[in-house]
Amino acid sequence: MNILFFDPVRLFNGNTGDSIHVRELVCNLSRLGHRVAVICCTSKPVTDTTVEIIPTKSFNFRGGGLLGIIWALVVGFIVAKRRHVDLVYVRGSKSFCGLILSTLCRRPLVIEVNGIITDELRISGKFQRDLIPRTSAWLNETSYKYGKHIIAVSPGIEAVLKDDFGVDPERVSVILNGVNADLYVPKHTQIARNELGLSKEHMYLCFVGHLVAWQGVDYLINCSPLVIERCPEAHFIVVGDGPLEEDFKRLAEQIGVIDNFTFTGAIQYERVPLYISASDVCVVPKKPMRSGYSPLKLYNYMACAKPVIATKTEGFAALDEYSCGLLVNPSILEELAAAIVRLFQDTELRKQMGENGRRYVVDNHSWQSVAKRVAEVCEIAVRR
């Protein structure tokens, strides 16, 4: 197949979960023998020669300007015609632009929905006060009715698409996120700590992710005094950046635990496994959303053979089912703190959960298997 991956708002060489998802997916589609061109914000060399990167950064599409949108569509149209693409593939945040492009090119559109935008806006407090995000969300959600096929990254998203937006169930497939199990591999904890210059005396808990409201990092900070009281050697590593980074630092200062936290800022994708390997426990304290989750960080933690504490909500059932971690309600700070302390104090339980997690993700969540399923959906869309 000849696929045009239209994602002009994304930094192809970025370190966010969205950028990583795009890179892993298109490279694995290429390895399966498909031709892929990517319209993106900037470029990054890749080893797959059939992946063509077409940057649009010069028109500052990331700023949301109308000129950038028009230019990205023009570039996409030219590329689609020259390469005789079979279909247009777009992620949910710009699905309406993808709908316009597929209509102009007269090619089927496959939309990947990785979150319900209105839910994210409500949690971040932007839904009521900001008209532009609300309008953008409405346009994207309208496009779901017209895409040839939709890929939902969680069963919860599939349910919302059917129940709230009236999408025909036959046009929706659930394909969970994947993991690069060759990059995210178990590494001896002390070796990783030595490489990062971390103390041998601490017990480390690691969070990796974009620092936004629904990640629940505020739960982690607020519960930390309860953990430190029982485990004075506890230290918390927050890997990543985002709009709330400074807010989270201020919160840690206000409650007097800033010395027990390390905020690394943005870290190169290839170095993230080092921070996970240096930790004893990893955490996903997401704020519940009706659409659920399929976060990359969950599979990355498990691939590094680390036990995981996660929110008791849609998308994390495997932790309980395969004994890979603990499910909690993180808004109850005592419950989150108790889970952290329990794993800190039980070396054998951490080891067993980590081994179970590694085995589960290698068997079920490789990017190669994700790409195969995506390709099958794309072939169905083209046949229709």
Side-chain angles (χ1 to χ4, degrees), residues 3-10 17-18 21-22 25 64 69 72-73 76 87-177 212-214 286-295 311 313-317 370 373-374 376-384:
I3 302 169
L4 176 60
F5 201 111
F6 188 72
D7 200 25
V9 75
R10 208 80 57 198
D18 289 334
H21 178 110
V22 172
L25 178 57
I69 295 174
L73 290 171
L87 83 158
V88 176
Y89 190 105
V90 65
R91 300 197 81 207
S93 60
K94 291 299 174 187
S95 59
F96 190 75
C97 294
L99 177 62
I100 294 174
L101 179 60
S102 71
T103 302
L104 292 173
C105 299
R106 297 183 180 181
R107 290 294 181 269
L109 174 67
V110 173
I111 303 173
E112 179 190 307
V113 183
N114 59 306
I116 302 301
I117 302 174
T118 49
D119 288 349
E120 295 173 354
L121 292 174
R122 286 190 181 96
I123 290 179
S124 62
K126 294 182 179 180
F127 187 75
Q128 298 298 330
R129 67 173 185 264
D130 292 349
L131 179 61
I132 292 178
R134 287 165 58 189
T135 303
S136 176
W138 178 80
L139 288 173
N140 286 322
E141 290 167 357
T142 298
S143 69
Y144 299 159
K145 300 178 181 179
Y146 300 100
K148 185 64 69 175
H149 205 93
I150 298 178
I151 294 173
V153 301
S154 77
I157 292 175
E158 177 191 33
V160 173
L161 291 171
K162 295 175 182 176
D163 298 340
D164 290 18
F165 304 135
V167 178
D168 182 352
E170 293 187 0
R171 292 197 299 112
V172 183
S173 298
V174 177
I175 303 178
L176 304 181
N177 279 319
V212 289
W214 54 88
K286 295 271 195 180
K287 295 184 177 179
M289 282 197 286
R290 58 187 179 141
S291 54
Y293 293 99
S294 178
T311 303
T313 190
E314 173 77 43
F316 302 115
V370 170
R373 294 197 60 201
V374 168
E376 291 169 359
V377 167
C378 290
E379 289 168 356
I380 292 172
V382 170
R383 287 200 299 268
R384 285 179 178 172

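- Here the closest heavy-atom approach between residue Leu161 and residue Ala152 is recorded as CD1-CB, 4.3 Å.
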**Request:** Check the pair Val153, Leu176 against side-chain contact (heavy atoms from CB on, under 4.5 Å), reporting the backbone distance first and the verdict last.
**Result:** CA-CA 5 Å; Val153 301; Leu176 304 181; 5.7 Å; no
**Asked** Where do Tyr89 and Val374 land on the side-chain contact (heavy atoms from CB on, under 4.5 Å) test, with the steps shown first?
**Response** CA-CA 10 Å; Tyr89 190 105; Val374 168; 3.6 Å; yes
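- Contact detail for Phe6 and Ala72: the closest heavy-atom pair is CE1-O, 3.5 Å.
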**Message:** Between Ile175 and Val370, does the side-chain contact (heavy atoms from CB on, under 4.5 Å) criterion hold? Intermediate values first, please.
**Reply:** CA-CA 7 Å; Ile175 303 178; Val370 170; 4.0 Å; yes
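- Checked against side-chain contact (heavy atoms from CB on, under 4.5 Å), Ser102 has the following partners two or more places apart in sequence or in another chain: Val88, Leu99, Leu109.
- Residues Leu101 and Gly76 come closest through the heavy atom pair CD1-C, 3.6 Å.
- Note that CZ of Arg91 and CD1 of Ile111 are 13.0 Å apart. Values are rounded to the nearest 0.5 Å.
- The structure places CZ of Arg107 at 12.5 Å from NZ of Lys148, a figure rounded to the nearest 0.5 Å.
- Note that OG of Ser173 and CD1 of Ile380 are 6.0 Å apart. Values are rounded to the nearest 0.5 Å.
- Judged purely by distance below 3.5 Å, without hydrogens or angles, the side chains of Glu314 and Tyr293 never pair a donor atom with an acceptor atom.
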**Leu4 vs Leu87, side-chain contact (heavy atoms from CB on, under 4.5 Å): CA-CA, chis, key distance, verdict** = CA-CA 6 Å; Leu4 176 60; Leu87 83 158; over 6 Å; no
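- Note that SG of Cys378 and CD1 of Ile151 are 5.5 Å apart. Values are rounded to the nearest 0.5 Å.
- Between His149 and Val377 the shortest heavy-atom distance is CD2-CG1, 3.3 Å.
- In this model, a donor atom of one side chain and an acceptor atom of the other lie less than 3.5 Å apart for Asn177 and His21.
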